[in-house]
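Here the structure is a predicted model, which means the values were calculated and not measured. Atoms within a ligand are numbered from 1 in the order they appear, just like the ligands themselves. Heavy-atom basis, side chains included; hydrogens, waters and symmetry copies ignored.
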Amino acid sequence: MSPDQKDSLPERIPTHVGIIMDGNGRWAQARGLPRLAGHRAGTENLRRVIAACIEFGIKYLTIYAFSTENWARPTDEVQGLLKIFESVIDNELQELYDQGVQLRHLGRLDRLKPDFRAKVLKAIEFTRQNDRLVLNIAFNYGGRDEIVCAIQAMIRDGVDADAVNDELVSQYLFTAGIPDPDLIIRTSGELRASNFLIWQGAYSEWYFPATYWPDFDRQELLRALHEFSQRQRRYGLTGEQIKTQKKKKQA
Ligand code: FPP
């Protein structure tokens, strides 16, 4: 990013940004702190990134907070992450509401305790009318699990095999009605999708900063947006075809 770009927004802003908030553990380790301190710092950072998304006009933000595979982590870390999720709902809901955030959950709620599950559903209902930023919290989420759930639901609904197409599958996913992510960011230098939005991310642009999640600030997000605006999205076409399409649209 050149110095004059430092604070200006690029012309093309992604509608939907997905984030794999990776590196909390290493952030904590580097400071001699327990892993949960990293997750708490990551949660603090999330507040800043939500504010920046609103400021930049991003309409959908999907965060990977807990995967279907994360249950296998040490019990105290799993319990700590559940507590963090609950405390976000207990302590941040009003502020999120006031910011115009609509909360949604991606994944399964069935492994959560009934009162916690009820709390999550209530929070979703409370913010349902907000439309400044849709915040999808992927918690107990896995892309493969999501596709399995979609197939099961289609079979239960008696969907005819010939009626199954891209659009129908999308309607059966947890993200039904939400546009596919334009940009997916994974912090901490890891270069994997890790079961995150594997259907929806088919044509997403990926961005892999080395920064650990707790340090991924507004400026870093702005850098990601500038990088995104330089990318040519081709959806399987050639660069020439895309240029012709663009010219036609402008005419
Ligand atoms: C990955 O870093 C991060 C997670 C598995 C948890 C992310 C969760 C939060 C930031 C809490 C936000 C919560 C909600 C529900 C709003 P890692 O632990 O794998 O890091 P490492 O690779 O450095 O060990």
I'd like to check Leu133 versus Lys59 (side-chain heavy atoms, cut-off strictly below 4.5 Å). Are they in contact?
no
Evaluate Tyr64 for polar contact with ligand 1, using N/O atom pairs at a separation under 3.5 Å.
no
Determine whether the aromatic ring centres of Tyr141 and Phe66 lie less than 6.0 Å apart.
no
With a 4.0 Å cut-off on heavy atoms, is Ser188 in contact with ligand 1?
no
Can you tell me which residue and heavy atom of the protein come closest to atom 11 (C) of ligand 1, and the distance to 0.1 Å?
Thr43 OG1, 3.4 Å
Is it the case that the side chain of Arg12 and the backbone of Phe228 share a donor-acceptor pair, with hydrogens and angles ignored and the cut-off at 3.5 Å?
yes
Counting from 1, what ligand 1 atoms have a heavy atom of Leu46 closer than 4.0 Å?
16 (C)
Say whether, by atom type as modelled, one donor and one acceptor occur between the side chain of Asn140 and the main chain of Arg108 under 3.5 angstrom.
yes
Among Arg73, Arg35, Glu92, Arg26, which one puts a heavy atom closest to atom 19 (O) of ligand 1?
Arg73
Show your reasoning for whether side-chain contact (heavy atoms from CB on, under 4.5 Å) applies to Glu86 and Asp90.
CA-CA 6 Å; Glu86 194 162 7; Asp90 288 341; 3.8 Å; yes
Can you sort out which atoms of ligand 1 are near Phe85, meaning under 4.0 Å from one of its heavy atoms?
15 (C)
Regarding ligand 1, does Asp22 bring an N or O atom to under 3.5 Å of one of the ligand's N or O atoms?
yes
Can you report which non-hydrogen protein atom sits closest to atom 3 (C) of ligand 1, along with the distance?
Met21 O, 3.2 Å
Gln245-Glu240 side chain donor-acceptor pair, cut-off 3.5 Å:
no
For atom 5 (C) of ligand 1, what's the nearest protein heavy-atom neighbour? Residue, atom name and distance, please.
Asn70 OD1, 3.7 Å
Can you find an N or O of Gly25 that's nearer than 3.5 Å to an N or O of ligand 1?
yes
How far is atom 4 (C) of ligand 1 from the closest protein heavy atom, and which atom is that?
His39 CE1, 3.8 Å
Would you mind checking if Arg223 and Glu227 are paired as a salt bridge, meaning a charged N to carboxylate O distance below 4.0 Å?
no
Do the non-hydrogen side-chain atoms of Arg128 and Glu125 ever get within less than 4.5 Å of each other?
yes
Among protein heavy atoms, which sits nearest to atom 8 (C) of ligand 1, and what does the distance come to when rounded to 0.1 Å?
Ala65 O, 3.6 Å
If only atom types and distance count, is the side chain of His16 paired as donor or acceptor with the main-chain N or O of Ile184 below 3.5 Å?
no
How close does the nearest protein non-hydrogen atom get to atom 10 (C) of ligand 1, and which residue and atom is it?
Asn24 ND2, 3.4 Å
